[in-house]
Amino acid sequence: MATGFFGDIAPIRYEGSTSENPLAYRHYDATRVVMGKTLAEHLRPAVCYWHNFAWAGSDMFGLPTFERPWFAETMAAARVKADVAFEMFSLLGVPYFTFHDRDVVPEGASFGDFTRNLAEITEYFQDKIKETGVKLLWGTANLFSHPRYMSGAATNPDPDVFAYAAAQVKNALDATAKLGGANYVLWGGREGYETLLNTDMKREINQLGRFLSMVVEYKHRSGFKGTLLIEPKPQEPTKHQYDYDVSTVYGFLQRFGLEKEVKVNVEVGHAYLAKHSFEHEVATAASLGILGSVDANRNDLQSGWDTDQFPNNAAELIPSMYAILRSGGLGNGGFNFDAKVRRQSIDPVDLLYGHIGGLDICAQALLAAARLIEDGKFDAFLSERYSGWANPKAQAMLAPDATLDGIAARVGAEGLDPKPRSGRQEWVENLINRYV
Ligand code: XLS
Ligand code: NI
Ligand code: NI
(Lines give C-alpha, C1' and ligand atoms only; values in the text may rest on other atoms or scores of the structure.)
(Ligands and ions follow the chains in the order given, each with its own letter.)
Protein backbone atom coordinates (compact mmCIF):
# COMPACT_ATOMS: atom_id res chain seq x y z
CA MET A 1 0.00 0.00 0.00
CA ALA A 2 2.51 2.55 -1.23
CA THR A 3 1.42 6.19 -1.02
CA GLY A 4 3.02 7.05 -4.36
CA PHE A 5 4.86 9.98 -2.78
CA PHE A 6 8.26 8.56 -3.68
CA GLY A 7 7.18 7.34 -7.12
CA ASP A 8 8.83 4.08 -8.12
CA ILE A 9 11.96 4.46 -6.00
CA ALA A 10 13.09 1.07 -4.73
CA PRO A 11 14.37 0.46 -1.18
CA ILE A 12 17.87 1.84 -0.69
CA ARG A 13 20.50 -0.90 -0.52
CA TYR A 14 24.17 -1.10 0.26
CA GLU A 15 26.16 -1.38 -2.98
CA GLY A 16 29.72 -0.70 -1.83
CA SER A 17 32.05 2.26 -2.22
CA THR A 18 32.43 1.86 -5.98
CA SER A 19 28.70 2.19 -6.67
CA GLU A 20 27.68 5.06 -8.95
CA ASN A 21 24.04 4.79 -7.87
CA PRO A 22 23.04 7.94 -5.94
CA LEU A 23 20.18 5.99 -4.36
CA ALA A 24 22.44 3.38 -2.74
CA TYR A 25 24.54 3.24 0.41
CA ARG A 26 28.26 3.18 -0.24
CA HIS A 27 29.39 2.63 3.37
CA TYR A 28 26.32 1.84 5.46
CA ASP A 29 26.16 -1.92 5.23
CA ALA A 30 23.63 -2.41 8.05
CA THR A 31 24.59 -6.04 8.72
CA ARG A 32 28.37 -5.62 8.62
CA VAL A 33 29.93 -6.59 11.93
CA VAL A 34 32.71 -4.53 13.54
CA MET A 35 33.86 -4.77 17.14
CA GLY A 36 31.21 -7.36 17.86
CA LYS A 37 28.14 -5.47 16.60
CA THR A 38 26.53 -4.72 13.27
CA LEU A 39 26.68 -1.18 11.91
CA ALA A 40 22.93 -0.91 12.52
CA GLU A 41 23.44 -1.92 16.17
CA HIS A 42 26.27 0.56 16.67
CA LEU A 43 24.54 3.51 15.02
CA ARG A 44 20.87 2.74 15.70
CA PRO A 45 20.03 5.41 13.09
CA ALA A 46 16.76 7.33 13.28
CA VAL A 47 14.85 9.61 10.94
CA CYS A 48 13.13 12.56 12.60
CA TYR A 49 9.57 13.59 11.88
CA TRP A 50 9.88 17.35 12.24
CA HIS A 51 12.39 18.35 9.58
CA ASN A 52 11.10 15.87 7.01
CA PHE A 53 7.36 15.98 7.45
CA ALA A 54 6.41 18.99 9.58
CA TRP A 55 8.70 21.79 8.35
CA ALA A 56 7.48 23.31 5.09
CA GLY A 57 10.66 25.03 3.95
CA SER A 58 10.06 28.52 5.28
CA ASP A 59 12.91 30.60 6.69
CA MET A 60 13.24 33.97 8.47
CA PHE A 61 12.64 35.75 5.17
CA GLY A 62 10.76 33.32 2.98
CA LEU A 63 7.50 31.44 2.77
CA PRO A 64 7.25 27.65 2.61
CA THR A 65 8.81 26.09 -0.48
CA PHE A 66 7.69 22.46 -0.01
CA GLU A 67 4.34 21.24 -1.29
CA ARG A 68 3.24 18.10 0.51
CA PRO A 69 -0.12 16.38 0.34
CA TRP A 70 -0.33 16.20 4.16
CA PHE A 71 0.01 19.93 4.88
CA ALA A 72 -3.34 20.50 6.60
CA GLU A 73 -4.30 20.67 10.27
CA THR A 74 -6.61 17.65 10.20
CA MET A 75 -6.37 14.10 11.48
CA ALA A 76 -6.87 12.79 7.94
CA ALA A 77 -3.75 14.70 6.89
CA ALA A 78 -1.91 13.39 9.97
CA ARG A 79 -2.57 9.83 8.79
CA VAL A 80 -1.35 10.59 5.26
CA LYS A 81 1.77 12.10 6.82
CA ALA A 82 2.28 8.95 8.89
CA ASP A 83 1.83 6.74 5.83
CA VAL A 84 4.51 8.64 3.92
CA ALA A 85 6.79 8.87 6.96
CA PHE A 86 6.80 5.12 7.58
CA GLU A 87 7.23 4.54 3.88
CA MET A 88 10.35 6.69 3.97
CA PHE A 89 11.73 4.94 7.07
CA SER A 90 11.25 1.63 5.25
CA LEU A 91 12.73 2.85 1.95
CA LEU A 92 15.82 4.00 3.83
CA GLY A 93 15.96 0.81 5.85
CA VAL A 94 16.50 2.73 9.09
CA PRO A 95 15.48 0.95 12.29
CA TYR A 96 14.21 4.00 14.23
CA PHE A 97 12.28 7.26 14.09
CA THR A 98 11.75 10.22 16.45
CA PHE A 99 8.94 12.76 16.85
CA HIS A 100 7.45 15.68 18.81
CA ASP A 101 3.77 15.48 19.79
CA ARG A 102 3.07 18.53 17.64
CA ASP A 103 4.79 17.05 14.55
CA VAL A 104 2.34 14.20 14.31
CA VAL A 105 -1.09 15.73 15.06
CA PRO A 106 -2.88 19.08 15.08
CA GLU A 107 -3.51 20.61 18.51
CA GLY A 108 -7.18 21.21 17.73
CA ALA A 109 -9.21 23.74 19.69
CA SER A 110 -8.41 22.60 23.22
CA PHE A 111 -6.06 20.52 25.31
CA GLY A 112 -8.70 17.79 25.22
CA ASP A 113 -8.54 17.76 21.40
CA PHE A 114 -4.75 17.59 21.47
CA THR A 115 -4.85 14.69 23.95
CA ARG A 116 -7.38 12.76 21.85
CA ASN A 117 -5.50 13.41 18.61
CA LEU A 118 -2.23 12.19 20.09
CA ALA A 119 -3.87 9.07 21.50
CA GLU A 120 -5.43 8.37 18.12
CA ILE A 121 -2.20 8.72 16.12
CA THR A 122 -0.39 6.64 18.74
CA GLU A 123 -2.68 3.74 17.88
CA TYR A 124 -2.09 4.37 14.20
CA PHE A 125 1.67 4.31 14.84
CA GLN A 126 1.34 1.04 16.75
CA ASP A 127 0.02 -0.61 13.60
CA LYS A 128 2.71 1.01 11.46
CA ILE A 129 5.42 -0.21 13.85
CA LYS A 130 4.01 -3.72 13.67
CA GLU A 131 3.78 -3.56 9.89
CA THR A 132 7.25 -2.13 9.15
CA GLY A 133 9.38 -3.17 12.12
CA VAL A 134 10.56 0.44 12.46
CA LYS A 135 10.84 1.36 16.15
CA LEU A 136 10.74 4.54 18.19
CA LEU A 137 14.14 5.86 19.33
CA TRP A 138 12.53 8.69 21.25
CA GLY A 139 9.51 10.87 21.61
CA THR A 140 9.31 14.43 22.92
CA ALA A 141 6.91 17.31 23.49
CA ASN A 142 7.10 20.53 21.53
CA LEU A 143 7.20 23.16 24.28
CA PHE A 144 8.52 25.96 22.09
CA SER A 145 6.42 26.62 18.96
CA HIS A 146 3.08 27.77 20.35
CA PRO A 147 2.88 31.44 21.46
CA ARG A 148 1.92 30.30 24.97
CA TYR A 149 5.53 29.17 25.33
CA MET A 150 7.15 32.39 24.15
CA SER A 151 8.44 33.12 27.68
CA GLY A 152 9.38 29.54 28.44
CA ALA A 153 7.59 26.33 29.42
CA ALA A 154 8.70 25.08 32.86
CA THR A 155 10.52 28.39 33.38
CA ASN A 156 7.55 30.60 32.45
CA PRO A 157 6.56 33.40 34.84
CA ASP A 158 2.95 32.22 34.39
CA PRO A 159 2.23 29.08 36.46
CA ASP A 160 -0.56 28.08 34.06
CA VAL A 161 2.01 27.66 31.29
CA PHE A 162 4.07 25.46 33.63
CA ALA A 163 0.92 23.39 34.16
CA TYR A 164 0.20 23.17 30.44
CA ALA A 165 3.77 22.04 29.75
CA ALA A 166 3.52 19.40 32.49
CA ALA A 167 0.30 18.07 30.96
CA GLN A 168 1.86 18.00 27.50
CA VAL A 169 4.93 16.11 28.73
CA LYS A 170 2.74 13.60 30.56
CA ASN A 171 0.85 12.86 27.34
CA ALA A 172 4.00 12.68 25.22
CA LEU A 173 5.64 10.35 27.77
CA ASP A 174 2.55 8.13 27.76
CA ALA A 175 2.60 8.01 23.95
CA THR A 176 6.32 7.24 23.93
CA ALA A 177 5.83 4.45 26.48
CA LYS A 178 2.93 2.98 24.54
CA LEU A 179 5.05 2.90 21.40
CA GLY A 180 7.91 1.16 23.22
CA GLY A 181 10.21 4.18 22.84
CA ALA A 182 13.82 3.59 23.87
CA ASN A 183 14.19 7.13 25.26
CA TYR A 184 12.30 10.33 26.00
CA VAL A 185 13.94 13.68 25.18
CA LEU A 186 13.58 17.07 26.85
CA TRP A 187 14.95 19.93 24.81
CA GLY A 188 14.49 23.25 26.59
CA GLY A 189 14.08 25.39 23.50
CA ARG A 190 12.66 28.32 25.42
CA GLU A 191 13.91 27.47 28.89
CA GLY A 192 16.13 30.49 29.18
CA TYR A 193 15.76 34.22 28.65
CA GLU A 194 15.81 37.01 26.09
CA THR A 195 16.94 39.56 28.67
CA LEU A 196 17.86 39.35 32.34
CA LEU A 197 15.97 42.61 32.80
CA ASN A 198 12.67 40.70 32.92
CA THR A 199 14.00 37.43 34.34
CA ASP A 200 14.28 35.98 37.85
CA MET A 201 16.94 33.42 37.01
CA LYS A 202 17.08 31.74 40.42
CA ARG A 203 13.34 31.17 40.44
CA GLU A 204 13.28 29.90 36.86
CA ILE A 205 16.05 27.35 37.40
CA ASN A 206 14.26 26.07 40.50
CA GLN A 207 11.08 25.69 38.46
CA LEU A 208 13.02 23.74 35.85
CA GLY A 209 14.49 21.48 38.55
CA ARG A 210 11.07 20.76 40.03
CA PHE A 211 9.65 20.08 36.60
CA LEU A 212 12.38 17.60 35.72
CA SER A 213 12.05 15.89 39.11
CA MET A 214 8.35 15.35 38.41
CA VAL A 215 9.13 13.94 34.98
CA VAL A 216 11.53 11.46 36.60
CA GLU A 217 9.00 10.56 39.30
CA TYR A 218 6.25 10.04 36.70
CA LYS A 219 8.54 7.99 34.50
CA HIS A 220 9.07 5.49 37.32
CA ARG A 221 5.48 5.45 38.49
CA SER A 222 4.07 5.04 34.99
CA GLY A 223 6.49 2.22 34.21
CA PHE A 224 8.23 3.80 31.23
CA LYS A 225 11.38 1.76 30.75
CA GLY A 226 13.29 4.11 28.43
CA THR A 227 16.02 6.60 29.30
CA LEU A 228 15.27 10.26 29.95
CA LEU A 229 17.54 12.58 28.00
CA ILE A 230 18.18 16.32 28.15
CA GLU A 231 19.40 17.87 24.91
CA PRO A 232 21.79 20.74 25.70
CA LYS A 233 21.85 23.87 23.55
CA PRO A 234 23.37 27.21 24.56
CA GLN A 235 21.01 29.55 22.73
CA GLU A 236 18.55 29.79 19.85
CA PRO A 237 15.68 30.42 19.98
CA THR A 238 16.33 32.26 23.25
CA LYS A 239 19.40 34.41 23.81
CA HIS A 240 20.50 32.11 26.62
CA GLN A 241 19.30 28.61 27.44
CA TYR A 242 19.79 27.07 30.88
CA ASP A 243 20.75 23.66 29.42
CA TYR A 244 23.79 25.37 27.90
CA ASP A 245 26.11 22.42 27.30
CA VAL A 246 26.87 18.97 28.71
CA SER A 247 28.84 20.26 31.72
CA THR A 248 26.17 22.77 32.64
CA VAL A 249 23.47 20.12 32.40
CA TYR A 250 25.49 17.78 34.61
CA GLY A 251 25.81 20.48 37.26
CA PHE A 252 22.06 21.10 37.07
CA LEU A 253 21.29 17.37 37.37
CA GLN A 254 23.59 17.03 40.38
CA ARG A 255 22.02 20.00 42.09
CA PHE A 256 18.61 18.34 41.87
CA GLY A 257 19.95 14.83 42.60
CA LEU A 258 19.07 13.55 39.13
CA GLU A 259 22.50 12.71 37.68
CA LYS A 260 21.75 8.98 37.82
CA GLU A 261 18.29 9.42 36.28
CA VAL A 262 18.87 11.57 33.22
CA LYS A 263 21.44 11.41 30.42
CA VAL A 264 22.16 13.74 27.54
CA ASN A 265 21.30 13.79 23.87
CA VAL A 266 24.29 15.52 22.30
CA GLU A 267 23.71 17.42 19.05
CA VAL A 268 26.61 18.26 16.76
CA GLY A 269 25.34 21.72 15.82
CA HIS A 270 24.57 22.62 19.43
CA ALA A 271 28.14 21.77 20.43
CA TYR A 272 29.38 24.33 17.89
CA LEU A 273 26.94 26.97 19.13
CA ALA A 274 28.44 26.48 22.61
CA LYS A 275 31.89 27.09 21.08
CA HIS A 276 32.82 23.47 21.70
CA SER A 277 33.56 20.68 19.27
CA PHE A 278 31.19 17.73 19.00
CA GLU A 279 33.92 15.42 20.28
CA HIS A 280 34.31 17.66 23.31
CA GLU A 281 30.64 17.26 24.20
CA VAL A 282 30.68 13.51 23.55
CA ALA A 283 33.87 12.99 25.55
CA THR A 284 32.55 15.14 28.41
CA ALA A 285 29.29 13.18 28.56
CA ALA A 286 31.14 9.86 28.37
CA SER A 287 33.53 10.87 31.15
CA LEU A 288 30.58 11.85 33.38
CA GLY A 289 28.68 8.66 32.58
CA ILE A 290 25.72 10.49 31.02
CA LEU A 291 26.21 9.88 27.30
CA GLY A 292 22.76 8.90 26.09
CA SER A 293 22.20 9.58 22.42
CA VAL A 294 23.25 11.75 19.48
CA ASP A 295 21.46 14.22 17.24
CA ALA A 296 23.54 13.95 14.09
CA ASN A 297 23.85 17.01 11.88
CA ARG A 298 26.23 19.86 11.14
CA ASN A 299 26.03 23.63 11.09
CA ASP A 300 27.10 25.99 8.37
CA LEU A 301 30.00 27.43 10.32
CA GLN A 302 29.83 30.76 8.46
CA SER A 303 26.22 31.47 9.33
CA GLY A 304 26.52 30.95 13.08
CA TRP A 305 23.05 29.36 13.19
CA ASP A 306 21.79 25.90 14.03
CA THR A 307 21.33 25.08 10.34
CA ASP A 308 20.70 21.34 10.88
CA GLN A 309 22.44 20.11 7.74
CA PHE A 310 23.29 16.50 7.13
CA PRO A 311 26.75 15.33 8.23
CA ASN A 312 29.18 15.35 5.29
CA ASN A 313 32.66 15.04 6.75
CA ALA A 314 33.68 11.59 7.99
CA ALA A 315 37.19 12.59 9.05
CA GLU A 316 35.80 15.24 11.37
CA LEU A 317 33.57 12.66 13.10
CA ILE A 318 36.28 10.11 13.88
CA PRO A 319 37.27 11.46 17.32
CA SER A 320 33.60 11.45 18.40
CA MET A 321 33.05 7.94 17.09
CA TYR A 322 36.21 6.87 18.88
CA ALA A 323 34.90 8.34 22.16
CA ILE A 324 31.54 6.62 21.67
CA LEU A 325 33.09 3.22 20.91
CA ARG A 326 35.55 3.57 23.80
CA SER A 327 32.78 4.36 26.23
CA GLY A 328 31.01 1.15 25.25
CA GLY A 329 28.57 2.63 22.73
CA LEU A 330 25.32 4.53 23.01
CA GLY A 331 23.31 1.77 24.71
CA ASN A 332 19.63 2.77 24.41
CA GLY A 333 20.57 5.79 22.30
CA GLY A 334 21.29 6.12 18.63
CA PHE A 335 22.08 8.53 15.84
CA ASN A 336 19.00 10.61 15.19
CA PHE A 337 19.33 12.69 12.05
CA ASP A 338 18.18 16.03 13.38
CA ALA A 339 18.89 17.34 9.91
CA LYS A 340 16.92 18.86 7.09
CA VAL A 341 17.37 19.30 3.38
CA ARG A 342 17.78 22.92 2.21
CA ARG A 343 14.64 24.79 1.22
CA GLN A 344 15.59 24.62 -2.45
CA SER A 345 15.64 20.80 -2.22
CA ILE A 346 11.93 20.52 -2.85
CA ASP A 347 11.59 17.03 -4.37
CA PRO A 348 10.72 13.89 -2.37
CA VAL A 349 13.94 12.26 -3.56
CA ASP A 350 15.97 15.04 -1.87
CA LEU A 351 14.78 13.70 1.52
CA LEU A 352 16.37 10.38 0.59
CA TYR A 353 19.63 11.89 -0.66
CA GLY A 354 20.06 13.74 2.63
CA HIS A 355 19.70 10.62 4.74
CA ILE A 356 21.72 8.37 2.45
CA GLY A 357 24.65 10.80 2.63
CA GLY A 358 24.34 11.35 6.36
CA LEU A 359 24.15 7.67 7.16
CA ASP A 360 27.07 6.86 4.85
CA ILE A 361 29.22 9.51 6.55
CA CYS A 362 28.39 8.16 10.02
CA ALA A 363 29.12 4.60 8.91
CA GLN A 364 32.41 5.66 7.33
CA ALA A 365 33.47 7.47 10.50
CA LEU A 366 32.47 4.58 12.72
CA LEU A 367 34.36 2.08 10.59
CA ALA A 368 37.41 4.36 10.66
CA ALA A 369 37.22 4.68 14.45
CA ALA A 370 36.92 0.89 14.77
CA ARG A 371 40.03 0.43 12.60
CA LEU A 372 41.82 3.02 14.72
CA ILE A 373 40.98 1.03 17.85
CA GLU A 374 41.74 -2.37 16.36
CA ASP A 375 45.07 -1.16 15.01
CA GLY A 376 46.12 -0.15 18.52
CA LYS A 377 48.64 2.57 17.54
CA PHE A 378 46.48 5.38 18.81
CA ASP A 379 45.74 3.77 22.16
CA ALA A 380 49.42 2.91 22.52
CA PHE A 381 50.28 6.57 21.91
CA LEU A 382 47.80 7.71 24.54
CA SER A 383 48.82 5.22 27.18
CA GLU A 384 52.50 5.98 26.59
CA ARG A 385 51.78 9.67 27.15
CA TYR A 386 50.39 8.92 30.61
CA SER A 387 52.71 6.02 31.41
CA GLY A 388 54.50 7.94 34.19
CA TRP A 389 51.33 7.57 36.26
CA ALA A 390 51.87 3.82 36.53
CA ASN A 391 54.78 4.55 38.88
CA PRO A 392 53.85 3.77 42.54
CA LYS A 393 55.08 7.18 43.71
CA ALA A 394 52.82 8.82 41.13
CA GLN A 395 49.89 6.65 42.23
CA ALA A 396 50.54 7.55 45.87
CA MET A 397 49.93 11.23 45.04
CA LEU A 398 46.35 10.38 44.05
CA ALA A 399 45.62 8.34 47.16
CA PRO A 400 43.30 9.95 49.75
CA ASP A 401 46.12 10.26 52.30
CA ALA A 402 48.44 12.25 49.99
CA THR A 403 49.13 15.83 51.06
CA LEU A 404 50.47 18.90 49.37
CA ASP A 405 53.35 19.27 51.85
CA GLY A 406 54.19 15.58 51.64
CA ILE A 407 54.58 15.90 47.88
CA ALA A 408 56.57 19.11 48.28
CA ALA A 409 59.02 17.30 50.57
CA ARG A 410 59.53 14.55 47.97
CA VAL A 411 60.15 17.08 45.16
CA GLY A 412 62.96 18.60 47.22
CA ALA A 413 64.41 15.29 48.47
CA GLU A 414 64.49 13.66 45.02
CA GLY A 415 65.50 16.82 43.18
CA LEU A 416 62.66 16.38 40.67
CA ASP A 417 63.20 18.33 37.47
CA PRO A 418 60.54 17.36 34.90
CA LYS A 419 61.49 17.89 31.27
CA PRO A 420 58.95 19.04 28.63
CA ARG A 421 57.94 16.38 26.10
CA SER A 422 56.28 16.88 22.72
CA GLY A 423 52.49 16.49 22.64
CA ARG A 424 52.85 15.18 19.05
CA GLN A 425 49.61 16.78 17.84
CA GLU A 426 50.51 16.77 14.15
CA TRP A 427 51.77 13.19 14.31
CA VAL A 428 48.52 12.01 15.86
CA GLU A 429 46.38 14.06 13.46
CA ASN A 430 48.18 12.43 10.55
CA LEU A 431 47.69 9.02 12.12
CA ILE A 432 43.92 9.51 12.50
CA ASN A 433 43.55 10.66 8.91
CA ARG A 434 45.07 7.41 7.70
CA TYR A 435 41.92 5.55 8.80
CA VAL A 436 39.34 7.56 6.80
C1 XLS B 1 16.56 22.13 18.20
C2 XLS B 1 16.62 20.78 18.74
C3 XLS B 1 15.33 19.97 18.60
C4 XLS B 1 15.38 18.77 19.49
C5 XLS B 1 14.06 18.13 19.77
O6 XLS B 1 17.57 22.79 17.99
O7 XLS B 1 17.68 20.11 18.13
O8 XLS B 1 15.10 19.63 17.28
O9 XLS B 1 16.24 17.80 18.98
O10 XLS B 1 13.18 19.01 20.36
NI1 NI C 1 18.11 18.09 18.27
NI1 NI D 1 19.09 21.49 17.11
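First listed ligand is number 1; within each ligand, the first listed atom is number 1.
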Cation-pi check for Phe66 against Arg68: NZ or CZ below 6.0 Å from the six-membered ring centre and within 45 degrees of the axis, yes or no?
yes
Nearest protein heavy atom with distance in Å, relative to atom 8 (O) of ligand 1
Asp338 OD2, 3.0 Å
In the structure I gave you, are the side-chain heavy atoms of Tyr49 and His100 within less than 4.5 Å of one another anywhere?
no
Of all the non-hydrogen atoms in the protein, which one sits nearest to atom 2 (C) of ligand 1, and at what distance?
Glu231 OE2, 3.2 Å
So does Arg148 pair up with Glu107, basic N to acidic O under 4.0 Å?
yes
Inspect the contact between Asp83 and Arg79 and indicate whether a charged nitrogen and a carboxylate oxygen are less than 4.0 angstrom apart.
no
Contacts of the Ni ion (ligand 2) with protein N/O/S atoms, counting only those under 2.8 Å:
Glu231 OE2, Glu267 OE1, Asp295 OD2, Asp338 OD2
Between Arg32 and Asp29, does any side-chain N to carboxylate O distance fall below 4.0 Å?
no
Side chain, backbone, both or neither: which part of Asp295 comes within less than 4.0 Å of ligand 1 when only heavy atoms are counted?
side chain
Pairwise side-chain contact, Leu196 with Tyr193, heavy-atom cut-off 4.5 Å (strictly under)
yes
Would Glu267 count as being in polar contact with ligand 1, using the rule that some N or O on each side must be under 3.5 angstrom apart?
yes
Arg298 side chain reached by Asp308 side chain, heavy atoms, under 4.5 Å:
no
Keeping the roles fixed (side chain from Thr238, backbone from Gln235), state whether a donor-acceptor pair exists under 3.5 Å.
no
Look at atom CD of Glu429 and say whether more than 12 heavy atoms of other residues, nucleotides or ligands are closer to it than 6.0 Å.
yes
When you measure from the centre of the six-membered ring of Tyr14, is the NZ or CZ of Arg26 under 6.0 Å away and within 45° of the axis?
no
Using a 4.0 Å cutoff against the non-hydrogen atoms of Lys233, which atoms of ligand 1 qualify?
1 (C), 6 (O)
Specify which N/O/S atom of Asp306 comes nearest to the Ni ion (ligand 3), by atom name.
OD2
Heavy-atom check, side chain of Asp306 versus side chain of Lys233, under 4.5 Å:
yes
Measure Asp306 to ligand 1 on non-hydrogen atoms and call it side chain, backbone, both or neither using the 4.0 Å cut-off.
side chain
Side chain or backbone of Glu236 under 4.0 Å from ligand 1, or both, or neither, by non-hydrogen atoms?
neither
Quick one: does Thr140 get an N or O within less than 3.5 Å of an N or O on ligand 1?
no
Tell me: protein heavy atom nearest atom 10 (O) of ligand 1, and distance?
His100 NE2, 2.7 Å
